[in-house]
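Working notes, structure below.
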Amino acid sequence: MSQILKSLKVPPNSASLEEARTRTFEFFRMCCRSIPHVMEVYNLHDVVSPSQLRSAAAAEVRKNANVTNPKVIDMLLFKGMEELMNIVNQSKQRHHIVGQYVVGNQGLVQDVSGKDRDASNFLKKFYSSNYS
């Protein structure tokens with residue numbers, strides 16, 4: 001898998017926005033192709049499905065969809081390629097992958113319904129105002 005990633009390199013400058021857009025799609029395809037390998041290496045089958053990882057990768061790409069400067073897009077592609085290389089080359093540990101791409105920005109989902117049953121009204125208001 002790392003041999004395939006070595007063949008895909010981001011050139012220093014895209015000539016146009018269309019060229020940067022094409023490179024972005026190529027990068028996303030490379031991410032999708034590496035998902036089965038990442039699932040196997042990091043043993044993520046019990047935590048997440050391949051389609052959920054694909055959705056997380058798509059969300060990361062879409063996060064910067066409003067960028068129109070080709071140089072900025074090239075910089076983001078370089079950073080994304082570096083992140084993908086770190087994941088595929090096992091420079092990250094399993095909990096890094098789970099924390100960044102499985103749990104994501106929503107934070108750790110916790111079941112607080114059992115804890116709130118005996119809490120006072122003051123604590124319920126405090127929790128709802130500070131942790132919602």
Side-chain angles (χ1 to χ4, degrees):
M1 179 55 68
S2 62
Q3 296 296 335
I4 295 171
L5 291 176
K6 288 180 183 178
S7 66
L8 182 69
K9 296 194 184 239
V10 179
N13 292 320
S14 294
S16 65
L17 183 61
E18 187 61 34
E19 187 179 349
R21 184 174 182 264
T22 304
R23 288 194 180 118
T24 302
F25 287 138
E26 288 174 5
F27 170 71
F28 178 69
R29 284 186 201 110
M30 183 58 65
C31 288
C32 289
R33 287 182 192 126
S34 65
I35 285 176
H37 176 72
V38 170
M39 294 280 295
E40 191 66 31
V41 167
Y42 289 100
N43 196 19
L44 296 174
H45 296 288
D46 59 336
V47 179
V48 67
S49 68
S51 63
Q52 289 171 324
L53 269 184
R54 199 174 308 112
S55 296
E60 289 293 320
V61 171
R62 286 190 191 111
K63 187 168 61 174
N64 298 308
N66 59 347
V67 178
T68 56
N69 186 347
K71 291 183 179 182
V72 175
I73 293 172
D74 288 339
M75 186 264 314
L76 290 169
L77 284 174
F78 179 78
K79 290 173 77 175
M81 183 57 70
E82 184 179 26
E83 179 78 9
L84 183 60
M85 292 289 282
N86 284 339
I87 291 171
V88 170
N89 292 335
Q90 300 178 358
S91 298
K92 292 187 171 227
Q93 293 182 3
R94 184 175 190 260
H95 69 276
H96 294 131
I97 306 299
V98 170
Q100 287 179 336
Y101 301 107
V102 176
V103 176
N105 296 334
Q106 294 87 18
L108 186 61
V109 179
Q110 295 178 353
D111 183 22
V112 293
S113 59
K115 295 178 186 176
D116 284 343
R117 273 188 261 143
D118 297 329
S120 67
N121 285 335
F122 171 77
L123 287 178
K124 288 179 184 176
K125 289 178 186 177
F126 178 78
Y127 291 147
S128 66
S129 65
N130 290 322
Y131 296 111
S132 297

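By convention here, the first residue in the shown sequence is residue 1. Scope of the values below: all heavy atoms of this structure, side chains included, with no hydrogens, waters or symmetry mates.
For the atom pair CD (Glu82) and CE (Met85), the distance works out to 9.5 Å, reported to the nearest 0.5 Å. With values rounded to the nearest 0.5 angstrom, Leu76 atom CG is found 4.5 Å from Asn64 atom CG. The distance from atom OG1 of Thr24 to atom CG of Leu77, rounded to the nearest 0.5 Å, is 4.0 Å. Atom CD of residue Glu83 and atom CZ of residue Phe78 lie 12.5 Å apart, to the nearest 0.5 angstrom. Arg23 CZ to Met81 CE: the interatomic distance, rounded to the nearest 0.5 Å, is 11.0 Å.
Atom CZ of Arg94 sits in a crowded spot, with more than 12 heavy atoms from other residues, nucleotides or ligands closer than 6.0 Å. Counting non-hydrogen atoms of other residues, nucleotides and ligands closer than 6.0 Å to CD of Glu40 gives a total of 12 or fewer.
Val102 is not listed as a side-chain neighbour of Gln52, based on a closest heavy-atom distance of 4.5 Å or more. Side-chain atoms of Ile87 and Tyr101, non-hydrogen and from C-beta on, do get closer than 4.5 Å to each other. Residues Phe27 and Leu84 have side chains in contact (heavy-atom distance under 4.5 Å, counting atoms from C-beta outward). Looking at heavy atoms from C-beta onward, Ser14 lies out of side-chain contact with Ile73 at the 4.5 angstrom threshold.
Formation of a donor-acceptor pair under 3.5 Å by the Glu19 side chain with backbone atoms of Ala15 is found in this model. Remark: the backbone N or O of Cys32 is not paired with any side-chain donor or acceptor of Arg54 at under 3.5 angstrom. Under the 3.5 Å distance criterion, the side-chain polar atoms of Asn89 are left unmatched by any main-chain donor or acceptor of Ser91.
Val48 pairs in a side-chain contact (heavy atoms from CB on, under 4.5 Å) with only one of the listed residues (Val98, Ile97, Leu53), which is Leu53.
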Evaluation steps, salt bridge (charged side-chain N to carboxylate O under 4.0 Å, His left out), between Lys63 and Glu60: CA-CA 5 Å; Lys63 187 168 61 174; Glu60 289 293 320; 3.2 Å; yes
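By the rule that hydrophobic residues join a cluster once side-chain heavy atoms approach within less than 4.5 Å of another member, Phe28 and Met75 end up as members of separate clusters.
With salt bridges taken as basic N to acidic carboxylate O contacts below 4.0 Å, none links Glu26 and Arg29.
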